[in-house]
Novice: 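Can you read through this structure? Questions will come right after.
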Amino acid sequence: MIDKKKIAKFLGYKIVRFAILLVVVILLSFILIDMSPINPVNAYISNMVVGPEKIAKLEAYWGVNQPITVKLMNWLGNILTGDFGTSLIYRTPVLQVISEKFTASLILMLSSWVISGVLGFILGVLAGFKRDTWVDKAVKVYCYILQSAPTFWIALLVVMIFSIWLGWFPVSGGVPIGALSNTVSFWDWLRHLILPAFTLSILGVASIALYTRDKLIEVMSTDYFLFAQARGESGWTLIKRHGIRNILLPAITLQFLSFSELFGGTVLVEQVFMYPGIGQAAVSAGLRSDVPLLLGIVIFSAIFVYVGNLIADVLYNFVDPRIREGEESG
Amino acid sequence: MELTAKNISFRYSSSSRRILKDVNISIDNKKILGLFGDSGSGKSSLCKILAGHINKYEGEVRLDGNEIPKGFNPVQLIYQHPEKVMNPKWKMHEVLGESWDVPDDLLEDFGIQKSWLNRWPAELSGGELQRFSVLRALNPKTKFLIADEMTTMLDAITQVQIFESVLKIVKERNMGLLVVSHDRNLMDIICDDVIYLDDINHV
Amino acid sequence: MDKSVNKTNKFDILGSMNLRTKTLLAIGLSVFILVLVVIISFFIDPSSITTDWSVMNKPPSLEHLFGTDWMGRDMFTRTLKGLGLSVQIGFFASVLSSIIAVALAFLSSFNKYLDSFVSWLIDVFLSIPHLLLIVLISIALGGGAFGVLVGVAFTHWTSLARVLRAEIKRIKTSEFVTISEELGKSKFWIARKQILPLVFSQVIVGTILIFPHAIMHEASVTFLGFGLSPHEPAIGIILSESMKYLATGNWWLALFPGLSLLILVLLFDIAGENIKKMLDPASAND
Amino acid sequence: MNDLINVSNISISFTQYVKGLNQRELKVITDLTLDIKEGEIVAVLGSSGSGKSLLAHAILGILPHNANLSGTMMYKGEVLNSELKEKLRGDEIALIPQSVNFLDPLMKVSDQVIGECKDEAEEKEKRAKQRAIFEKYGLSEEVDDMYPFQLSGGMARRVLVSTALLSNPKLVIADEPTPGLDEKSVEETLNHLRQMAEDNVGVLLITHDIDAALKVANRIAIFYSGYVIEVANVDDFSGEGENLLHPYTKSLYNALPENGFNLTLGHQPLHGEIPSGCPYYDRCDHRLENCDKIRPNLISIDENKKVRCFKYER
């Protein structure tokens, strides 16, 4: 049984820790952006014609000439009241932009996360089980190559093959730009989702498959695996009873720890497929000096990654019986 | 010279069972003392406390009534598994050299061949490694030697060899020796006194 | 003498090659190619990559192995130059990265406050997605090669630092270290004589294995437009430009530069894995 | 009594990579010959780390990838090849492993003791049997649901012994069942082995503990540098060892604290330093002319006794 009180204590500790972490992440990113030559006023007016008194007003609003501490305090104060500011390029509140874009990206990330996890685990088990055969070699070669391939290049290849050469999918765009999301048919939306999700999935397979393979081989040389063999267990049942049981949890944990990589991959893939998600928004915000949006995205991506790490931690601390019940029996 | 441990209590972490409870023991350099007890009775923990390998415990360890000096510890401990007490990236001459310059005649006494000095620990077997670990502990500044199941993993012939060499040097230097073993016959032969550490830890 | 049987036979190739020879060969070959790429890229005169409107958009041929772009520039030369640049940035970033990792790992071994500080610092750096953090650092430093280099270096030390921290912790609780302490050795002496030799090979291997990641992240950030400036012949730039010409069928613009980068990264991986085997023979016993 | 297993001229070696991936052939067991009869306990006695566990793994057919095995094995007169090994292991041949590490850390004790089951009926039957055996060894119902890390040392030992009995084995291989146990637990473990022998099971006891071997075994095979240098009856270990044949065995016997704690100089040759002649040559008191050049064979003195020494060759 999982001890509820212990979990609550653990989560409480983790949340406090996360709060501190978040403050540091905010400080860090704020300082980094403040160091940069980005000027939000210029970004805001970009190609509008604006008079000098308007510029002065804007500068006052953004606090361009104020010391960093004052700017930071203002901004932090606003965040605490739930106001992340207004995006300069979308001209809408940052929170609204993020919630829209993050939803689009989450669908992309989660689908590829699940597919790559399941597929990678299966391939890894197969390769480890059929070690040193052609199956193993094929899986290994695939993984090594995919691991060394730049994400965006694979995305480019996928576009070249499936969109341009075969013409099966549209070349770009999550939804036609400018169309409201409720006017886009489900099929349209799915058609734009498949290629980016496919790209992220085939890339994500590599690390989980290699990890599973190595772990299974490690388990297969343990004393307990040997003893199970000595007791007449063999073949697939042996792998299932003593192999998979022992590697499933670490593999799932690893997959939860990969949220940071997943986010990075999504940014690149969205850029190539022009999928209007959080990654593309982040790149635009960075390139076009949309400071409020960029800061907002950093905070929410940090929350996203932390949640992944937290789940991994919980799995590790509360599912494995050795750690779960280790305390009491000492 | 006398090594005393007073009111020693010990547990691994705050939540776990107490392994030692109010143990008192005293070793002097005139007699060879044997310590005997069931597995799990805390013999090894007591040895580690005496030799400073465990620092968090209740009670006190004294040498002639004084605190154990900082730096080189005059109380040296020999473990059961010699392969764990050597850095795998060190050659055997470095292992010995960490403690002192061992004279050639002593190497010979302990049945160590010169050619072994240039080997890695992984290239020697348990019997040979244990000779090194004992010799390393026998720095001239060592006053007490604690042998915790020193020969349990070795064959009877090697056991005799190691004990003969150790007993010789212990007598020469007038050192104290505590022998921990589960082998009553061995203790009867070697030790002047044997004490029993039972489950409730009253020596 | 050792009764070891050395099966190396000069007159019998590949079939009976033992692991040692194969490993050495793999390391030698990959290092050779990598060095070759860097040297060649050094000797390419940037002025040779000039626009030549007479050979615009040519598919690959013997004259232009990787084809030419819309400005008539030879893609093979551009790619080589770009790879050279990648290796340089990757080298400095990974060395800087592992210096940070080693320093922090040793710092964490001093006392438990420093240890929790280091583990907390690792947490901070792990909680922002790598790519985003590199972009932030790169923006903060005003972009360019320096920005990317620092960005990559400051994001890639975490895993090595973690491994080293755990390893040092394990070594510090080992019995041979306890014995060193009781023999009166100082903390500094133990760190230098006991811990360093045991983690040395991990540091070397760790540094080499950061290399491919560093190269890929540099290319990614540049591709997104935050890295090297558009007039540098970087692989990221080449590929991001090629995106505009995909629909017109200029497939060679994306294929070859990307493939070259993949092979480069793969070579580093192979070299790293094999050097790991050499330094830790136990892993090769199966 | 019928022969259960005959092992003749078994050699096990490893191709090993050492520093810088230099390859070497590491011979762990050389030219081992041994037989076990029904209801008999035969101990293989050798120093720890000498690789005698590999004999158990060779009989069960679970040697690691990089091990090379040569020689022949017969089980009840049938050649024991890898198919037969696979059929017999866990059934007629059972292993009692060294430590709790041989139990799957993530599986409840009872689940792994009963092993894999084809259907529910088989599972029910096996569970009942497992419970009965556990009962016999004083393991309460609570133990069924425990994970291996929760077992105390003595409990773990009893669980390991009971795994062997689930399948009604004819041959039990006990690999170092005694180290780290106190006298009481050693005695208990040895009693289990005696009981098995009384039920006409053959027991191969692999150990470095000469006292344990002397207490339960009928015959003892002495290991020296990877060779079996003598197989002796347990009764020969008496008096001053005058019935023992090989000089090493005699020294070993007389080195025991209870037999005088007598000193013999020298050490076993290291791996890779084994001379071409008799491995005991440099320590031997009665060397013959050819002892340093030719390696003696293991010769039979009578039905039970064997020795590897030129002194006894005719």
Side-chain angles (χ1 to χ4, degrees), chain A residues 1-3 125 127-133 136 212-253 315-330, chain D residues 53-54 56-66 82-83 85-109 111-118 126 142 145-152 155 159-160 163-167 169 172-173 175:
Chain A
M1 264 309 290
I2 292 173
D3 186 345
V125 169
F129 182 38
K130 298 270 175 203
R131 181 183 180 192
D132 292 336
T133 62
D136 181 29
T212 307
R213 173 190 180 271
D214 290 351
K215 207 77 188 166
L216 184 64
I217 287 173
E218 196 186 306
V219 167
M220 280 161 69
S221 65
T222 56
D223 290 340
Y224 63 82
F225 199 86
L226 206 67
F227 184 47
Q229 254 179 307
R231 301 188 53 234
E233 295 188 33
S234 64
W236 180 240
T237 359
L238 174 66
I239 297 283
K240 210 168 65 190
R241 271 170 62 92
H242 299 285
I244 291 176
R245 269 176 82 97
N246 281 287
I247 56 175
L248 189 58
L249 189 63
I252 294 176
T253 309
L315 284 178
Y316 178 76
N317 283 299
F318 294 98
V319 179
D320 188 328
R322 277 165 298 182
I323 296 162
R324 191 177 69 206
E325 285 165 37
E327 191 85 347
E328 294 97 73
S329 52
Chain D
S53 294
L54 291 169
H57 297 180
I59 294 174
L60 289 159
I62 51 171
L63 283 173
H65 273 296
N66 54 336
S82 45
E83 288 90 62
K85 283 176 191 169
E86 204 167 315
K87 208 182 106 200
L88 293 177
R89 66 183 180 222
D91 187 29
E92 286 194 26
I93 306 180
L95 173 71
I96 301 176
Q98 290 182 35
S99 75
V100 70
N101 288 343
F102 285 78
L103 294 177
D104 188 330
L106 292 185
M107 197 181 268
K108 288 182 179 168
V109 166
D111 288 344
Q112 47 188 320
V113 170
I114 63 167
E116 67 178 270
C117 306
K118 277 181 235 76
K126 278 191 174 176
E142 267 170 46
D145 283 336
M146 281 187 176
Y147 289 96
F149 73 94
Q150 295 168 310
L151 301 172
S152 70
M155 264 150 80
V159 167
L160 293 175
T163 56
L165 290 178
L166 203 85
S167 60
V172 167
I173 304 170
D175 188 6

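Every chain is numbered from 1, with letters handed out A, B, ... down the list of sequences.
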Novice: Drop me the distance from D:Asp104's CG to D:Asp111's CG, to the nearest 0.5 angstrom.
Specialist: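 That separation rounds to 10.0 Å.
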Novice: Taking side chain as everything from C-beta outward and backbone as N, CA, C, O, which of these in D:Ser99 sits under 4.5 Å from a heavy atom of chain A? Side chain, backbone, both or neither.
Specialist: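 The answer is neither part of D:Ser99.
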Novice: With no hydrogens and no angle check, is any side-chain donor or acceptor of D:Ser167 less than 3.5 Å from a backbone partner on D:Gly90?
Specialist: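 Yes, because the side chain of D:Ser167 sits within donor-acceptor range (under 3.5 Å) of the backbone of D:Gly90.
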Novice: Parallel, tilted or perpendicular: which one describes the rings of A:Trp236 and A:Phe129, with boundaries at 30° and 60°?
Specialist: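 It falls in the tilted class, 30° to 60°.
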Novice: Which region of D:Leu60, side chain (C-beta onward) or backbone (N, CA, C, O), has a non-hydrogen atom less than 4.5 Å from a non-hydrogen atom of chain A, or is it both or neither?
Specialist: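 It is the side chain, since no backbone atom gets that close.
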Novice: Quick check on the interface: out of D:Ile93, D:Val100, D:Asn101, who has the most heavy-atom pairs with chain A under 4.5 Å?
Specialist: D:Asn101
Novice: Between A:Ala228, A:Ala230, A:Ser234, A:Gly232, who has the most heavy-atom pairs with chain D when the cutoff is under 4.5 Å?
Specialist: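 Heavy-atom pair counts peak at A:Ala230.
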Novice: Please classify the contact between D:Asp91 and chain A as side chain, backbone, both or neither, with a heavy-atom cut-off of under 4.5 Å.
Specialist: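 It is neither, since no heavy atom gets under 4.5 Å.
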Novice: For D:Arg89 and A:Glu233, indicate whether the former's side chain and the latter's backbone hold a donor-acceptor pair under 3.5 Å.
Specialist: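 No, because the side chain of D:Arg89 does not come within donor-acceptor range (under 3.5 Å) of the backbone of A:Glu233.
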Novice: Can you tell which of D:Leu166, D:Ile173, D:Thr163 has the highest number of heavy-atom pairs within less than 4.5 Å of chain A?
Specialist: D:Thr163
Novice: Taking the inter-plane angle between the rings of A:Tyr224 and A:His242 on a 0 to 90° scale, is it parallel (under 30°), tilted (30 to 60°) or perpendicular (over 60°)?
Specialist: tilted
